[in-house]
Asks: 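Before we start, here is the structure in question, set down as structure tokens.
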Amino acid sequence: MKTDSSINAIFEVEQKTKVVCPLFTCGVSAGFPSPAEDHIDRKLDLNELLIQHPVATFFVRVAGESMKDAGINHGDILVVDRSLEAVSGKIVIAIVNGELTVKKIIQDSASCQLVAANPDYPPVEITEDTDFSVWGVVTSVIHQF
């Protein structure tokens, strides 16, 4: 049975400057290119796009492969909002027996599990004896190609 701590580092949001880039109104073609400057709609602030609640938002760096089938890879940066409710089906950062982990939370009236997005990692059943809390809800993943 594989386990992993899933989180390598935690970073606070620092919004001293805006990160603004052009936002194009047209879709991006994988075929023949179109003249892009004719389609600039407005400027998009990446902070506005990725961070809804700055005081409650943190970035975490992923360590491990337990969420690879959800598009979360080793070394990726997750945007985590601590003000959001962790409802069933959301990907969360949780503390389980003193370790931070990133998993999908699945809960109903009878049970709660943290489920990996990689078949090599079994679900973690949360019981009354488990030292467990949800630290935040993942809202975005940032990774490089």
Side-chain angles (χ1 to χ4, degrees), residues 1-31 33 36 39-145:
M1 169 172 75
K2 283 189 169 186
T3 61
D4 70 342
S5 62
S6 297
I7 303 301
N8 191 339
I10 300 171
F11 307 93
E12 286 185 278
V13 170
E14 196 171 312
Q15 286 192 293
K16 290 182 179 176
T17 61
K18 291 186 174 208
V19 179
V20 180
C21 300
L23 175 65
F24 296 94
T25 58
C26 63
V28 177
S29 173
H39 298 285
I40 294 177
D41 179 36
R42 65 182 180 103
K43 301 266 185 194
L44 175 66
D45 179 1
L46 294 179
N47 290 312
E48 176 186 317
L49 177 67
L50 296 174
I51 302 167
Q52 301 303 313
H53 307 107
V55 174
T57 300
F58 292 82
F59 298 108
V60 299
R61 186 176 300 278
V62 176
E65 300 292 330
S66 69
M67 296 300 289
K68 69 178 183 117
D69 293 344
I72 299 173
N73 302 307
H74 178 79
D76 285 352
I77 301 288
L78 303 178
V79 181
V80 180
D81 190 331
R82 298 194 69 197
S83 70
L84 298 178
E85 183 180 354
V87 297
S88 187
K90 293 287 187 181
I91 296 175
V92 300
I93 304 298
I95 303 170
V96 180
N97 298 323
E99 290 191 28
L100 284 170
T101 189
V102 56
K103 301 286 184 282
K104 182 182 284 190
I105 189 167
I106 304 295
Q107 60 191 94
D108 58 30
S109 59
S111 69
C112 179
Q113 289 185 326
L114 294 176
V115 180
N118 179 338
D120 293 339
Y121 296 83
V124 176
E125 187 73 33
I126 304 301
T127 67
E128 290 180 10
D129 298 329
T130 307
D131 181 14
F132 168 75
S133 64
V134 172
W135 192 78
V137 175
V138 175
T139 59
S140 299
V141 59
I142 304 167
H143 65 256
Q144 307 235 333
F145 291 108

Asks: Can you name the residues that form a side chain to side chain contact (heavy atoms under 4.5 Å, CB included) with Val55, not counting sequence neighbours?
Replies: none
Asks: Using a 4.5 Å cut-off on heavy atoms from C-beta on, say whether the side chain of Leu114 contacts that of Val92.
Replies: yes
Asks: With sequence neighbours left out, what residues match Ser133 under side-chain hydrogen bond (donor to acceptor under 3.5 Å, both in side chains)?
Replies: none
Asks: Once rounded to the nearest 0.5 Å, what's the spacing between atom OG1 of Thr101 and atom CZ of Phe132?
Replies: 10.5 Å
Asks: List in chain and number order the residues that pass ring-ring contact (aromatic ring centres under 6.0 Å, His included) with His143, two or more places apart in sequence or in another chain; answer none if no residue qualifies.
Replies: Phe145
Asks: Identify the two heavy atoms, one from Ala116 and one from Ser66, that lie closest to each other, and give their separation to 0.1 Å.
Replies: CB-O, 3.3 Å
Asks: Drop me the distance from Met67's CE to Asp76's CG, to the nearest 0.5 angstrom.
Replies: 11.5 Å
Asks: Mind checking side chain to side chain contact (heavy atoms under 4.5 Å, CB included) for Asp131 and listing every partner two or more places apart, or none if nothing turns up?
Replies: Asn97
Asks: side-chain contact (heavy atoms from CB on, under 4.5 Å) between Val79 and Ile142: does it pass, once the steps are laid out?
Replies: CA-CA 8 Å; Val79 181; Ile142 304 167; 4.0 Å; yes
Asks: Please report the C-alpha distance between Leu78 and Phe59 in whole Å, then the side-chain angles of each, then the deciding distance to 0.1 Å, and finally whether the side-chain contact (heavy atoms from CB on, under 4.5 Å) criterion is met.
Replies: CA-CA 5 Å; Leu78 303 178; Phe59 298 108; over 6 Å; no
Asks: Looking at residues at least two apart in the chain, or sitting in another chain, which of them share a side chain to side chain contact (heavy atoms under 4.5 Å, CB included) with Val115?
Replies: Ile106, Gln113, Pro123
Asks: Kindly compute the distance separating CZ (Phe58) from CD1 (Ile93), expressed to the nearest 0.5 Å.
Replies: 12.0 Å
Asks: Who pairs with His74 by side chain to side chain contact (heavy atoms under 4.5 Å, CB included), at least two apart in sequence or on another chain?
Replies: Ala63, Glu65
Asks: Please examine the side chains of Thr139 and Leu50, heavy atoms only from C-beta on, and report whether any two atoms are closer than 4.5 Å.
Replies: no
Asks: Could you pull out the closest heavy-atom pair between Ile91 and Ala70, with the gap in Å?
Replies: CD1-CB, 4.2 Å
Asks: Heavy-atom distance under 4.5 Å between the side chains of Val102 and Trp135, does that happen here?
Replies: no
Asks: Please list all pairs meeting side-chain hydrogen bond (donor to acceptor under 3.5 Å, both in side chains) that have one or both residues in residues 84-94, counting only residues at least two apart or in different chains.
Replies: none
Asks: To the nearest 0.5 Å, tell me how far Asn73 CG sits from Gln144 CD.
Replies: 12.0 Å
Asks: Heavy atoms only: give me the nearest Gly75-Arg61 pair and the separation to one decimal.
Replies: O-NH1, 3.0 Å
Asks: How close do Pro119 and Asp69 get, counting heavy atoms only, and between which atoms?
Replies: CD-OD2, 3.5 Å
Asks: In Å, rounded to the nearest 0.5 Å, how long is the span from CG of Asp81 to OG1 of Thr57?
Replies: 4.0 Å
